Amino acid sequence: MRLLYSTSKALDKWLKADLPSLEGPQKGRNPIFSDECTLSWQLHIVDNRYRSFEKTIIATEAFSRFTCFLPVLMPNSDAVFLLSKLDSLPFEIQWRKNTDLSINGHITDAALWVTDTLRDRGLDVLPYELSEELSMYLNSQVKRSNQRRETFVPLERFLAYCQKAVQH
């Protein structure tokens with residue numbers, strides 16, 4: 001299975017990566033596809049406010065258009081640079097029916113945030129902007145692991161995980 005990260009010009013420039021263009025008829029503007037051999041993601045970076053140091057990476061999967069957000073909290077963050085290195089890792093993706101009870105509490109907590117936010121604002125559907133705001137908030141909050149008796153910030157833990165992955 002191939003994992004393809006397709007970066008926008010803005011992200012490539014911010015990374016100072018000068019990545020090679022995807023081959024095709026339109027240099028730098030070719031469609032990407034996810035299929036049985038390739039999982040493709042389009043990555044872009046935006047300022048959270050006009051000319052702010054705080055930025056957000058938007059990652060959208062090519063087939064489903066599933067979108068997730070990666071907040072970049074520091075102007076010279078290594079977080080985005082790690083993403084550019086992840087595509088060199090071999091991935092074999094597996095799906096299994098399973099519930100990890102140590103993670104389920106965090107999922108339940110996130111679900112409550114969604115339902116409470118929608119109820120408080122009188123909404124039926126979570127708008128894109130609100131989902132981004134909620135995701136950024138939850139990923140920067142301190143969480144607790146009763147099993148390991150530790151506290152952590154999900155964003156920091158995810159970045160540390162990615163950093164270890166690209167070093168091995």
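Note that the numbering runs from 1 along the sequence shown for the chain. Predicted, not measured: the structure shown is a model, and the values here were computed from it.
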Colleague: Name all residues meeting the side chain to side chain donor-acceptor pair (under 3.5 Å) criterion together with Glu23; count only those two or more places apart in sequence or in a different chain, and write none if there are none.
Modeller: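 Expected list: none.
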Colleague: What is the distance from atom CG of Leu3 to atom CG of Leu39, rounded to the nearest 0.5 Å?
Modeller: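 Leu3 CG to Leu39 CG: 5.5 Å, rounded to 0.5 Å.
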Colleague: Can you sort out the partners of Thr38 under side chain to side chain donor-acceptor pair (under 3.5 Å), two or more places apart, ordered by chain and number?
Modeller: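 If we apply the side chain to side chain donor-acceptor pair (under 3.5 Å) test to Thr38, skipping adjacent residues, there are no hits.
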Colleague: List the atom of Ile32, the atom of Ser40, and the distance in Å for their closest heavy-atom pair.
Modeller: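 Minimum heavy-atom contact is CD1-CB, 4.0 Å.
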Colleague: With sequence neighbours excluded, tell me which residues meet side chain to side chain donor-acceptor pair (under 3.5 Å) with Lys143.
Modeller: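 Side chain to side chain donor-acceptor pair (under 3.5 Å) check on Lys143 returns Asp109.
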Colleague: Distance from Leu43 atom CG to Thr60 atom OG1, nearest 0.5 Å?
Modeller: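 If we round to the nearest 0.5 Å, Leu43:CG and Thr60:OG1 are 8.5 Å apart.
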Colleague: Between Asp124 and Leu118, which heavy-atom pair has the shortest distance, and what is it?
Modeller: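 Minimum heavy-atom separation between Asp124 and Leu118: O-CD1, 4.2 Å.
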Colleague: Going by the rule salt bridge (Lys or Arg N to Asp or Glu O under 4.0 Å), which residues pair with Asp116 if we only count those two or more places apart in sequence or in a different chain?
Modeller: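 Arg119.
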Colleague: Test side chain to side chain contact (heavy atoms under 4.5 Å, CB included) on Arg121 and Leu130; report intermediate values, then the result.
Modeller: CA-CA 11 Å; Arg121 297 184 185 208; Leu130 187 54; 3.2 Å; yes
Colleague: Say you draw a straight line from CD of Gln141 to CH2 of Trp113; how long is it, rounded to the nearest 0.5 Å?
Modeller: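 So the CD of Gln141 and the CH2 of Trp113 are separated by 7.0 Å.
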Colleague: Sequence neighbours excluded, which residues qualify as salt bridge (Lys or Arg N to Asp or Glu O under 4.0 Å) partners of Glu61?
Modeller: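 So Glu61 forms no salt bridge (Lys or Arg N to Asp or Glu O under 4.0 Å) with any residue.
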Colleague: In terms of hydrophobic clusters joined by side-chain contacts under 4.5 Å, are Phe63 and Tyr5 together?
Modeller: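 As far as the 4.5 Å side-chain criterion goes, Tyr5 and Phe63 are not connected within one cluster.
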Colleague: Can you name the side chain to side chain donor-acceptor pair (under 3.5 Å) partners of Ser21, sequence neighbours left out?
Modeller: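 Ser21: no side chain to side chain donor-acceptor pair (under 3.5 Å) contacts found.
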Colleague: Gln42 and Ser6: side-chain donor and acceptor closer than 3.5 Å?
Modeller: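 The answer is yes; a qualifying pair exists.
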Colleague: Can you check whether Leu19's main-chain N or O pairs, donor with acceptor, with Asp12's side chain at less than 3.5 Å?
Modeller: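 Here the side-chain-to-backbone pair exists.
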Colleague: For residues Pro154 and Leu138, report the shortest heavy-atom separation together with the two atoms involved.
Modeller: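 Pro154 and Leu138 have their closest heavy atoms at CG-O, 4.1 Å.
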Colleague: Might you confirm whether atom CG of Asp18 has over 12 heavy atoms from other residues, nucleotides or ligands at distances under 6.0 Å?
Modeller: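 Result for CG/Asp18: open.
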Colleague: Would you please test Leu4 and Trp41 for side chain to side chain contact (heavy atoms under 4.5 Å, CB included) and show each step?
Modeller: CA-CA 6 Å; Leu4 172 66; Trp41 290 84; over 6 Å; no
